[in-house]
S.K.: 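If you scroll down you'll find the structure; I have some questions about it.
Residues: numbered from 1 along the sequence shown.
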Amino acid sequence: QVQLVESGGGLVQAGDSLRLSCAASGLTLRNGGMGWFRQVPGKEREFVAFLSWSGQLTAYADSVKGRFTISRDTAANTVALQMTKLKPEDTAVYLCAASPYLFSATMETHYDYWGQGTQVTVSS
């Protein structure tokens, strides 16, 4: 049974940094990769970042390029999202997800498994 558990969310001020982590268990294959999405109530889920398990493919939403960095620890089965220069518009529930595809997965339909999410709130 695949389980994804996010942690690291919280309340920060604009300009601060925050590091999210996603612990993955039950993933038997190392094909594909992991992604981060975010969701605000009343809006569609938004792609944030993707990293293949091989480390060779990455993708970022334009809104976070240069501020967010996705990384992985294959030994620990974790994926992290380092967020810097946070803005109030980054406020959302952040979810990690697992994709079986061998390309940069930027759409919800590219993912099979999802975590429950962790809240990030950025005050101005």
Side-chain angles (χ1 to χ4, degrees):
Q1 181 181 357
V2 176
Q3 189 173 19
L4 305 177
V5 180
E6 302 93 339
S7 61
L11 172 62
V12 296
Q13 293 186 332
D16 284 352
S17 298
L18 202 60
R19 184 179 178 86
L20 305 182
S21 183
C22 173
S25 60
L27 287 173
T28 57
L29 297 176
R30 287 295 177 80
N31 294 328
M34 299 291 291
W36 286 94
F37 284 73
R38 62 188 182 187
Q39 188 159 27
V40 174
K43 293 188 177 181
E44 291 189 358
R45 195 168 288 181
E46 177 189 17
F47 168 76
V48 175
F50 167 84
L51 175 64
S52 63
W53 278 115
S54 69
Q56 294 179 338
L57 292 176
T58 58
Y60 292 93
D62 288 342
S63 58
V64 307
K65 277 181 184 176
R67 299 189 300 123
F68 291 11
T69 303
I70 187 171
S71 61
R72 87 240 186 271
D73 182 336
T74 54
N77 268 9
T78 59
V79 176
L81 185 68
Q82 179 68 46
M83 306 185 293
T84 65
K85 302 176 184 177
L86 282 162
K87 305 175 182 179
E89 52 263 43
D90 294 319
T91 295
V93 173
Y94 283 73
L95 307 100
C96 71
S99 170
Y101 297 109
L102 296 176
F103 54 77
S104 294
T106 61
M107 298 175 63
E108 283 187 71
T109 53
H110 294 157
Y111 292 83
D112 289 344
Y113 301 101
W114 294 83
Q116 292 298 310
T118 184
Q119 177 71 46
V120 172
T121 304
V122 184
S123 64
S124 57

S.K.: If you compare all heavy atoms of Leu4 against all heavy atoms of Met34, which two are closest, and at what distance to 0.1 Å?
M.R.: CD2-CE, 3.9 Å
S.K.: Please find the pair of heavy atoms, one from Val120 and one from Gly9, that lie closest to each other, and give the distance.
M.R.: CG2-CA, 4.1 Å
S.K.: Could you tell me whether Arg67 and Asp90 have a side-chain N and a carboxylate O separated by less than 4.0 Å?
M.R.: yes
S.K.: Just so I know, are the side chains of Met83 and Tyr94 near enough to count as touching, which here means a heavy-atom distance under 4.5 Å?
M.R.: yes
S.K.: Keeping the roles fixed (side chain from Glu6, backbone from Cys96), state whether a donor-acceptor pair exists under 3.5 Å.
M.R.: yes
S.K.: Would you say Val40 and Thr91 make side-chain contact, with heavy atoms under 4.5 Å?
M.R.: no
S.K.: Tell me, yes or no, whether the heavy-atom count around Gln39 atom CD, taken from other residues, nucleotides or ligands under 6.0 Å, exceeds 12.
M.R.: yes
S.K.: The criterion is ring-ring contact (aromatic ring centres under 6.0 Å, His included); which residues satisfy it with Tyr111, sequence neighbours excluded?
M.R.: Phe37, Trp114
S.K.: Less than 4.5 Å apart, any side-chain heavy atom of Thr106 and any of Phe50?
M.R.: no
S.K.: Can you tell if the side chain of Val48 reaches within under 4.5 Å of the side chain of Leu81, non-hydrogen atoms only?
M.R.: yes
S.K.: My understanding is that only residues two or more places apart in sequence, or in another chain, count here; which of them pass salt bridge (Lys or Arg N to Asp or Glu O under 4.0 Å) with Glu46?
M.R.: Arg38
S.K.: Measuring centre to centre across the rings, with the benzene-like ring taken for any Trp, is Phe103 within less than 6.0 Å of His110?
M.R.: yes
S.K.: Grab the two heavy atoms, one from Val2 and one from Gly26, that are nearest each other, plus how far apart they are.
M.R.: CG2-O, 3.5 Å
S.K.: Could you list the residues that satisfy side-chain hydrogen bond (donor to acceptor under 3.5 Å, both in side chains) with Arg72, not counting sequence neighbours?
M.R.: none
S.K.: Please tell me if the side chains of Leu51 and Tyr60 come closer than 4.5 Å, counting only heavy atoms from C-beta onward.
M.R.: no
